[in-house]
Amino acid sequence: MRIIVKLGELFGATKLIPIHSAHIAGVSYKTVGDAAIDFLKALAEGGGRVAIPSTSNPSSVDEIHLADVLPPRLKEGQREVLNALHKMGVIPSLTCTPYYEHKPPEGSHLAWSESSAVVYANSILNAHTNREGAPSALASAVIGKTSDYGVHTPEGRRPTAVFEVETQLKNEVDFGALGYYVGKVVEEGVPLLKGLRWSSIDELKQMGASMASSGMTSLFQLKDELPPEGLERATVSRKSLDDIVERLSTSSKEEPDLVFIGCPHCSLEEVKAVARLLKGERLRDDVELWVCTSRYVKRMAEECVRIIEAAGGRVICDTCAIVTWTKELGFDEIMTNSVKAAHYAPTMNDASVRLAPLKECVKASARLD
Ligand code: F3S
């Protein structure tokens with residue numbers, strides 16, 4: 001309660017509001033380390049229990065594909081984090097896309113702490129959640145409330161800048177690059193994007209995830225109505241997007257060690273797209289393909305999983321290439337269609353990156369024509 005009230009005071013809230021759900025980040029032992037274990041254990045052993053449905057972000061281990069290859073000491077640290085969360089009643093969804101299984105109602109208030117899921121919930125599902133830190137999302141989960149500020153209020157959802165997109169976006173990498181550009185410029189404001197052609201939900205997911213990586217925004221608007229007068233305006237050209245893709249493509253090698261699809265975790269449509277490309281194919285021996293998704297989507301995609309795994313790929317759950325120990329697993333060159341992953345891989349994984357659309361990524365892993 002003290003955490004939530006203090007945050008509310010800092011941001012000018014005058015009341016607490018009930019929330020529909022919480023989503024807790026800070027679950028991967030690789031990213032949080034031992035200090036988090038002490039904090040979570042103290043809460044769990046002190047009787048802390050969640051009061052509302054509360055899901056969890058990815059961990060650092062997939063029990064089927066990675067448990068046997070990671071050192072016991074790392075797996076033990078991860079187990080301790082998960083045990084403490086379990087004791088508090090957190091649902092072990094272990095995905096950054098909790099909205100596929102538990103879609104929050106339109107207009108509901110939430111306390112979510114995975115930046116890509118926050119942008120998705122606010123902008124695509126029209127729910128309301130500030131970009132919580134892991135401790136504040138957990139605190140909200142325990143008391144079932146959050147402070148009423150930011151995007152919970154109508155003023156906090158108003159656009160602060162207009163972006164005119166002057167170029168046709170060709171694929172999800174372009175959408176990611178657009179998000180990255182906008183996020184950098186708008187920082188923690190609310191961008192209104194104009195000039196976008198029809199876009200799929202998965203393309204918007206990529207755009208939101210990268211926007212939240214380069215900036216601190218938690219919401220974008222696409223409404224085509226006239227924006228309020230006096231807003232800052234920017235145009236986005238083809239060159240701005242190409243420059244971003246070039247800057248984030250740091251690999252000089254022809255071949256990747258790991259092709260990573262699923263940042264954020266794949267939707268059912270994305271898993272199907274990979275399976276369509278791989279049907280009857282065989283992956284190269286010197287490249288691994290990881291298709292990261294939630295257990296929920298994996299269950300729904302049984303036939304596609306069979307096709308991907310028959311080709312030699314891995315459909316990985318509960319983690320992703322960024323929040324597990326790829327370096328220790330021998331991967332130095334990561335190819336991905338995710339601008340968010342390309343942003344984090346050099347620092348979080350000490351890896352070089354090749355950024356390309358899904359079709360090219362899958363081609364590179366299987367030598368398709
Ligand atoms: Fe999810 Fe991992 Fe990307 S947690 S958003 S797939 S960095």
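Both ligands and their constituent atoms are indexed starting at 1 by order of listing. All values reported here derive from a predicted model rather than from experimental measurement.
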Give the C-alpha distance, both sets of side-chain angles, the deciding distance and a yes or no for salt bridge (charged side-chain N to carboxylate O under 4.0 Å, His left out) between E360 and K170. CA-CA 13 Å; E360 273 180 51; K170 299 184 298 268; over 6 Å; no

Quick note on ligand 1: atoms under 4.0 Å from a heavy atom of S116 include exactly 5 (S)

Considering residues, nucleotides and ligands other than E155, do more than 12 of their heavy atoms fall under 6.0 Å from its CD? yes

Run the salt-bridge test on E76 and R73 with the 4.0 Å N-O cut-off and return the result as yes or no. no

Atom 3 (Fe) of ligand 1 contact by C292, N, O or S atom under 2.8 Å: no

Here the atoms of ligand 1 under 4.0 Å from any heavy atom belonging to C320 are 2 (Fe), 4 (S), 6 (S), 7 (S)

**OP:** For the pair E101 and R299, find out whether any cationic side-chain nitrogen is under 4.0 Å from an anionic carboxylate oxygen.
**Re:** yes

### Task
Please indicate whether E188 has more than 12 foreign heavy atoms, meaning atoms of other residues, nucleotides or ligands, lying under 6.0 Å from its CD.
no

Atoms of ligand 1 under 4.0 Å from any heavy atom of C263, numbered from 1 in the order shown, are 3 (Fe), 5 (S), 6 (S), 7 (S)

K340 heavy atoms within 4.0 Å reach ligand 1 at atoms 5 (S)

May I ask you to decide whether E328 forms a salt bridge with K30, counting only side-chain N to carboxylate O separations under 4.0 Å? no

*Look at E63 together with R295 and state whether they make a salt bridge at an N to O cut-off of under 4.0 Å.*
no

G262 heavy atoms within 4.0 Å reach ligand 1 at atoms 6 (S)

Taking only non-hydrogen atoms of P58 and a 4.0 Å limit, the atoms of ligand 1 in range are 4 (S)

If we number the atoms of ligand 1 from 1 as shown, the ones under 4.0 Å from a heavy atom of E114 are 5 (S)

One finds that the ligand 1 atoms under 4.0 Å from a non-hydrogen atom of C96 are 1 (Fe), 4 (S), 5 (S), 6 (S)

